[in-house]
Amino acid sequence: MNDIQIKNEIQDRDNDTVRLVFAVTFATGTSISDGAVTITKADWLDMTGRQKLEKVANQVSADMLSTIK
């Protein structure tokens with residue numbers, strides 16, 4: 001991933017979670033413009049900006065690799 005950006009952080013008070021809305025562009029030019037990863041509010045409060053980016057990158061990578069059979 002060449003460029004990953006957190007676009008918004010949306011709190012869901014009912015579920016005590018936060019959605020990290022992101023955009024990512026890969027080296028090939030392929031992009032995801034409106035992705036989201038949901039984390040607990042406790043994790044969100046403890047994470048730095050860099051850790052949030054790493055969480056998104058790791059989750060996107062894991063999910064993409066799990067679809068390959």
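Values reported hereafter were calculated over all heavy atoms of this structure, with side chains retained and with hydrogens, waters and symmetry mates removed. Predicted model, so just to flag it, every value in this text is computed and none were measured.
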Rounded distance (nearest 0.5 Å) linking atom CE of M47 with atom CD of E9: 10.5 Å
Nearest non-hydrogen partners of R13 and Q11, listed with the distance: NH1-OE1, 3.2 Å
Residue pair L53, I6: steps toward the side-chain contact (heavy atoms from CB on, under 4.5 Å) verdict: CA-CA 7 Å; L53 290 172; I6 301 290; 3.5 Å; yes
Joint hydrophobic cluster, I10 plus V37, side-chain heavy atoms closer than 4.5 Å: no
Exam field: side chain T30 to backbone F26, donor-acceptor pair closer than 3.5 Å: no
Sequence-distant partners of K55, side chain to side chain donor-acceptor pair (under 3.5 Å), two or more places apart: none
Co-membership, hydrophobic cluster, residues I39 and V21, 4.5 Å side-chain: no
Heavy-atom pair of closest approach, residues A36 and R19: CB-NH2, 3.4 Å
Approximate separation, where rounding is to 0.5 Å, of T17 OG1 and D12 CG: 4.5 Å
Distance-only polar pair, side chains of S31 and S33, donor-acceptor under 3.5 Å: no
CG on N8 to CZ on F22, rounded to 0.5 Å: 13.0 Å
Side-chain H-bond candidate by donor/acceptor type, N58 with E54, under 3.5 Å: no
V56 to L20 - nearest heavy-atom pair and separation: CG2-CD1, 4.1 Å
